[in-house]
Number of protein chains: 2
Amino acid sequence: MSLPHAILTALLEKPSSGLELTRRFDRSIGYFWSATHQQIYRELGRLESEGYIRALPAERPARGQKKSYEVLPAGREELARWTSAPQEPRPWRDALFVRLRAAAVVGTTGIEADLRRHLTLHERQLAEYEEIEKRDFGPGRDSAQDRLQHLILRAGIDLETFWTQWLRNALTEFEALPDAAAPYGSGPPDDGVPDAGGGAAAGRS
Amino acid sequence: MSLPHAILTALLEKPSSGLELTRRFDRSIGYFWSATHQQIYRELGRLESEGYIRALPAERPARGQKKSYEVLPAGREELARWTSAPQEPRPWRDALFVRLRAAAVVGTTGIEADLRRHLTLHERQLAEYEEIEKRDFGPGRDSAQDRLQHLILRAGIDLETFWTQWLRNALTEFEALPDAAAPYGSGPPDDGVPDAGGGAAAGRS
DNA sequence: GGGATCATGTAACTTGTTACATGATTGC
DNA sequence: GCAATCATGTAACAAGTTACATGATCCC
C-alpha cells in the first residue's frame, strides 16, 4: 500500500499531472519506490474517486489533455494516518541470491560475468547518490525536511556501498573456487546439499 | 521469475512435498525469497504441467495425501539456463523510506516508535544469522557449495548490519530534530519542499 | 499536412496476498 | 468418535508488468 501514499507525498510537495509525476518518480521517489506511468494513472484514478485528490480546474475532454491534481484535506489526513501507523518490515527479496543458491547445485557457469556487470551498475548508482549528496546537502541545509531527506539519501548510499563491497568480495571468492564452471553434485539428483545438519546457507534448508 | 527456480533448487537439494517445501522456505531460502504455501502449490502445479518436475510414485487421491516431487532433467536444464543468464538488478523498494519522505511533509508523529521497533527486529535477525554462521560455517567447511552458501549468508549479515546502523543513526537524528511531532509546512498545501533546485532526498523531485 | 513528442489512458497478464475449504492421520 | 494437526488445495483480490491505443500540440 505504499504507492498511493508515495503519490500523495509527491503531490503535496507539488501538484502535478500524471506524466510529471512519472518523471519525478524517475528522478527521485522512484529511487526507493519505482512506478511506471500506467501504475500512476491507475492510482490517480483511485485516489480521485476516493476523494483524496482532485483535478485542478481546466477540466477539458481529458485524453491527450494535461490534467493536474492536488491533494485534498482528506488525502493529507490519510497520508498522516498511514505515516504514523506501525508497519512490518517486508522481507528483502533478491534474485541474485536465488541464483547463487541454484549455482551451488547446477554450477556457476556465467554468473561471474553478471556479478561483474552488477558491480558496475551499483558503482554507478553509488556515484550518482554521492553526487546528489554533494550538490544538495552541503553545510547549512539542516532544516527538519533536509535532515529527513538526507537520511533517506544516506540509506541509498549505504546500501549501494554494501552491494559494491559484497560483490567485490563475491568475485574474489569466485576466483578461488576449485572449478567454477562445473556443476556440483551432477550425479543422482538428490546428492546436493544435505538438508539437515549440514551447512545450508542462511540456515538449514 | 525467481520463485519457480527457487523451488527447483530446493527440490534438487532434496525432493519434497508442498508443505515440506513451505517449511524449508521458512527456515532457509525464504530468508531471501519468501513464499507462502499457496504460492508454492500453484507453482508446483505449473512446474509439473511444464514437465520440469514430477510427483514421486504413490499417486493416491491427492487431497490430504502427501505428494512429493522430484526434478526431471528438463527442470535441471531450465534451472541451469536461468542461473547463467544475465538479469537486471531489481530496484530496491522499501516503504520505510516512503514514510520518511511523507513525514517530511505531514510530520513525524509516531514514526520514531516504529523505527525503534524495526531496530529490535533487525537486531534479532542479525543475531539469528550470526548464530547460523557460527554453527554451520566453522573452519573446514570450505567446499564450493559451502563457500557459495556462506557468501549468501554474509549478504544477509551485512544487510542486517546496515539496517541496525542506519536505524540507530536515524533515531539519533530524530532526537536532534527541532519539533518532531509537528507537521512541517502545515500552511497552504503547496508550501512543502521546493520541487526544483532544493534539497529533495535522493535527487530533486 | 505530417512526423515527433507530449500526454492520458486500456487491456491482458503475472505475481503476490488473504481468506477459506476439505480430506487424512494421530492421540486421547 | 472427536479434537488437533498435517496436508493439499480454491477463490478472490491487489499489485506490478508489458504491450498497445489514442488524442493533442509543436515544428518543419
Nucleotide D:dG23, atom C1' - distance to NZ of A:Lys66 in whole Å = 16 Å

query = So, does A:Arg141 use its side chain to make a donor-acceptor pair with the main chain of A:Asp136 at under 3.5 Å?
reply = yes

note = note: B:Arg23, atom CZ; D:dT5, atom P; distance rounded to Å ~ 12 Å

ask   = Is the shortest side-chain N/O distance from A:Tyr41 to OP1 or OP2 of C:dT8 below 4.0 Å?
value = yes

key: For atom NZ of A:Lys67 and atom C1' of D:dA24, their distance in whole Å   = 15 Å

message = Without decimals, in angstroms, what is the distance between B:Ile40 CD1 and C:dT15 C1'?
response = 14 Å

ask   = In whole Å, what is the span from the CG atom of A:Leu19 to the P atom of C:dC6?
value = 8 Å

query = Tell me, do B:Ser17 and B:Ser68 make a side-chain contact under 4.5 Å, heavy atoms counted?
reply = yes

request  = Would you please confirm or rule out a distance under 4.0 Å between OP1 or OP2 of D:dT17 and any side-chain N or O of A:Gln39?
outcome  = yes

ask   = B:Thr36 side chain N/O closer than 4.0 Å to the phosphate oxygens (OP1, OP2) of C:dT18?
value = no

request  = Check the distance between D:dT8's C1' and B:Gln38's CD and give it to me in whole angstrom.
outcome  = 10 Å

inquiry  = Should the side chain of A:Arg42 and the base of D:dG16 be counted as holding a donor-acceptor pair, with the cut-off at 3.5 Å?
reply    = yes

ask   = Rounding to a whole Å, what distance do you find between B:Met1:CE and D:dT17:C1'?
value = 13 Å

inquiry  = Using heavy-atom distances to pick each residue's nearest nucleotide on DNA chain D, tell me which of B:Tyr69 and A:Arg46 is more 5'.
reply    = B:Tyr69

key: Closest to side chain of A:His37, choosing from C:dA7, D:dG16, C:dG9   = C:dG9

ask   = Starting at CG of A:Leu44 and ending at P of C:dG9, how long is that distance when rounded to a whole Å?
value = 8 Å

request  = Could you check whether the rings of B:Trp163 and B:His122 sit parallel, tilted or perpendicular, using 30° and 60° as the cut-offs?
outcome  = parallel

request  = Please answer whether the main-chain N or O of B:Val71 pairs with a side-chain N or O of B:Arg76 as donor and acceptor at a distance below 3.5 Å.
outcome  = no

task = Output yes when a side-chain donor or acceptor of B:Ser16 lies under 3.5 Å from a complementary backbone atom of B:Lys14, and no otherwise.
result = yes

task = With heavy atoms under 4.0 Å as the rule, sort B:Arg90 into base, sugar-phosphate or nothing.
result = nothing

